[in-house]
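Single-structure report; data block below.
A, B, ... follow the sequence lines: proteins, then strands. Residue 1 opens every chain.
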2 protein chains.
Amino acid sequence: MSPRRSKALPAYRSASQAARTLMVLGLLQRGPMHGYELYRIIVAHGALYADFKKPTLYHLLERLAEDGAVKVTSEAGTRGRRGERLVYALTAAGRRIFMDLLRETLGAYQPVHSGLDVAIVFMARLPPADAIALLKTRRETVLARRALVSGEGKPPPPPERATAASLAASHALGLIDAELAWIAQAISQFASAAPPPAHT
Amino acid sequence: MSPRRSKALPAYRSASQAARTLMVLGLLQRGPMHGYELYRIIVAHGALYADFKKPTLYHLLERLAEDGAVKVTSEAGTRGRRGERLVYALTAAGRRIFMDLLRETLGAYQPVHSGLDVAIVFMARLPPADAIALLKTRRETVLARRALVSGEGKPPPPPERATAASLAASHALGLIDAELAWIAQAISQFASAAPPPAHT
DNA sequence: CGGACTATAGTCAATATGGACTTTGCTTTA
DNA sequence: TAAAGCAAAGTCCATATTGACTATAGTCCG
């Protein structure tokens with residue numbers, strides 16, 4: 001009788017889904033929307049913040065509806081669209097969940113596993129010249145990202161979102177510059193480990 | 001007839017698995033090991049680098065064996081263990097894959113979605129006093145992490161891994177300090193947006 | 001010695017994720 | 001104005017991930 005898994009956490013608390021849930025609930029504060037609309041907004045942000053694919057988004061919306069965080073209403077063929085579309089609106093419970101999640105997210109240091117950490121560890125076992133070559137390539141990559149983030153030719157955000165945009169950008173830039181500094185230091189460390197070959 | 005998905009990428013190239021693959025192949029450079037041994041090493045590192053759960057590890061090892069990156073041999077009951085254990089050894093192909101993956105990982109800027117970015121964006125819509133409170137909590141969290149990473153009471157690493165350890169640590173610390181600097185700046189930004197309430 | 005407890009070494013099956021596909025409506029453009 | 005092409009709005013299902021379980025081997029304590 002007893003199900004194997006006892007419906008442990010409400011889905012939105014699982015670490016893997018917290019970021020996405022935060023994003024969806026946050027966007028719904030602008031007002032009710034249907035799934036595809038949310039999807040487009042997320043994609044338009046270049047998935048800069050949370051990235052997820054369409055099916056994941058729809059599943060998440062279903063779960064949030066089950067948990068009462070959003071209220072679903074069926075909007076019959078607006079503008080002559082096919083059959084119906086489901087429109088999602090934030091509920092009071094949803095707003096509470098959003099705040100809880102915000103607090104939890106900030107309260108946990110979620111170490112980041114982009115593979116870079118692992119790469120760093122094993123790079124140390126390479127011949128220093130190879131490690132330096134890799135680091136120089138890495139620097140190009142990071143510089144390209146920096147240009148992107150520091151907003152080459154992006155239109156300035158509308159004033160009501162200016163604060164958010166500048167906070168996010170300065171955070172991202174801080175991390176990028178920290179990595180650049182580290183790269184410089186690592187290169188010189190490897191360079192001193194392997195004195196430059198005499199120009200044979 | 002034609003399968004829906006055409007065996008697209010070798011599993012180890014999928015972004016989600018690259019970090020783990022790198023970790024496993026990297027560890028196997030120390031010599032052949034069986035699954036649980038790898039598992040313990042990863043856990044012992046506090047999942048500091050790539051974290052994965054046991055079943056994921058075993059699945060990955062299976063895939064790597066299929067792709068010829070590791071050679072599996074069955075070790076019959078060493079020390080009277082039950083039936084048999086499978087021992088995984090790195091192959092030449094595995095070594096090549098490792099290097100490719102290392103280069104690919106460093107060559108792509110994989111933005112990190114820990115939820116923090118999302119939280120930052122939406123924090124800006126809060127009353128400044130609330131945002132400041134959240135940021136101060138965050139500072140505690142990050143400081144705790146900093147203490148952990150900067151190695152409170154950890155035994156010094158064996159000399160052959162000292163370089164790796166110090167590179168990894170200085171990278172992690174750089175990111176942490178960048179976040180602390182950002183927090184300080186964000187707090188003062190919110191503070192100036194909301195002048196301190198007169199002491200009623 | 002016998003039972004209680006922990007570590008070893010995995011497997012099972014419920015959930016989550018995402019590449020590819022589908023279907024319907026809206027614009028061109030010839 | 002008909003066919004071509006593209007955007008909207010999802011769904012399907014193969015894979016990936018992981019919480020919970022199993023089962024055997026040592027270890028310690030009385």
Side-chain angles (χ1 to χ4, degrees), chain A residues 2-21 23-24 33-44 47 50-67 72 74-88 113, chain B residues 2-21 23-24 33-44 47 50-67 72 74-88 113:
Chain A
S2 68
R4 175 104 159 201
R5 169 164 320 167
S6 52
K7 181 76 163 187
L9 289 173
Y12 45 82
R13 277 180 197 292
S14 105
S16 64
Q17 278 172 290
R20 307 207 233 269
T21 304
M23 184 93 207
V24 167
M33 294 187 216
H34 60 92
Y36 199 74
E37 210 169 341
L38 283 164
Y39 176 69
R40 266 178 314 152
I41 294 176
I42 290 162
V43 169
D51 82 315
F52 38 129
K53 300 300 157 20
K54 237 172 326 131
T56 309
L57 171 59
Y58 285 104
H59 284 312
L60 179 55
L61 284 170
E62 251 173 67
R63 286 300 306 259
L64 288 173
E66 277 170 31
D67 292 344
V72 195
S74 152
E75 179 194 58
T78 318
R79 286 172 49 223
R81 282 252 179 296
R82 101 172 119 158
E84 48 165 20
R85 284 192 304 188
L86 299 180
V87 174
Y88 299 87
H113 296 303
Chain B
S2 68
R4 175 104 162 204
R5 169 163 320 167
S6 51
K7 181 78 163 185
L9 290 173
Y12 46 83
R13 276 179 198 293
S14 106
S16 63
Q17 278 172 290
R20 306 205 234 270
T21 304
M23 183 93 208
V24 166
M33 293 187 218
H34 59 93
Y36 199 74
E37 209 169 340
L38 283 163
Y39 176 69
R40 267 178 312 152
I41 294 176
I42 290 161
V43 169
D51 82 315
F52 37 129
K53 301 301 158 18
K54 235 170 332 130
T56 309
L57 171 60
Y58 284 105
H59 284 314
L60 179 54
L61 284 170
E62 252 172 66
R63 287 299 306 260
L64 288 173
E66 277 170 32
D67 293 344
V72 195
S74 152
E75 179 194 59
T78 318
R79 286 172 50 223
R81 283 251 180 294
R82 103 173 119 159
E84 49 165 21
R85 283 190 306 190
L86 299 180
V87 173
Y88 300 87
H113 297 301

Quickly work out the [X] [atom1] to [N] [atom2] distance and round it to whole Å.
{"X": "B/Met33", "N": "C/dT8", "atom1": "CE", "atom2": "C1'", "answer": "16 Å"}
{"X": "A/Leu64", "N": "C/dA16", "atom1": "CG", "atom2": "P", "answer": "11 Å"}
{"X": "B/Tyr36", "N": "D/dT22", "atom1": "OH", "atom2": "P", "answer": "17 Å"}
{"X": "B/Glu37", "N": "C/dG10", "atom1": "CD", "atom2": "P", "answer": "10 Å"}
{"X": "A/Leu57", "N": "C/dG18", "atom1": "CG", "atom2": "P", "answer": "12 Å"}
{"X": "A/Glu66", "N": "C/dA16", "atom1": "CD", "atom2": "C1'", "answer": "14 Å"}
{"X": "B/Arg85", "N": "C/dT11", "atom1": "CZ", "atom2": "C1'", "answer": "17 Å"}
{"X": "B/His34", "N": "D/dT24", "atom1": "NE2", "atom2": "C1'", "answer": "14 Å"}

Next on the checklist: Just verifying a value: how many Å separate A/Leu57 CG and A/Tyr36 OH, rounded to the nearest 0.5 Å?
Outcome noted: 11.0 Å
Checklist entry - How many angstroms lie between atom OH of B/Tyr58 and atom CG of B/Leu38, to the nearest 0.5 angstrom? => result 8.5 Å
Checklist entry - When you match B/Ser16 and B/Tyr58 each to their closest nucleotide on DNA chain C, which lands nearer the 5' end? => result B/Tyr58
Checklist entry - More 5' along DNA chain C: B/Arg40 or B/Pro55, using each one's nearest nucleotide? => result B/Arg40
Checklist outcome for this item: Residues B/His34 and B/Tyr88: closest non-hydrogen pair is CA-CD1, 4.2 Å
Checklist entry - Between C/dT17, D/dG10, D/dA16, which one does the side chain of B/Gln17 approach most closely? => result D/dA16
Checklist entry - Where each residue is assigned the nucleotide of DNA chain D containing its nearest heavy atom, which of A/His59 and B/Phe52 is assigned the position nearer the 5′ end? => result A/His59
Item to check | Pairing of A/Glu37 and A/Arg40 as salt bridge, 4.0 angstrom limit | outcome: no
Checklist entry - Should B/Arg20 be listed as having a side-chain N or O under 4.0 Å from OP1 or OP2 of D/dT17? => result yes
Item to check | Short side-chain N/O contact from A/Arg63 to OP1 or OP2 of C/dA16, under 4.0 Å | outcome: yes
Item to check | A/Val43 and A/Asp51, any side-chain heavy atoms less than 4.5 Å apart | outcome: no
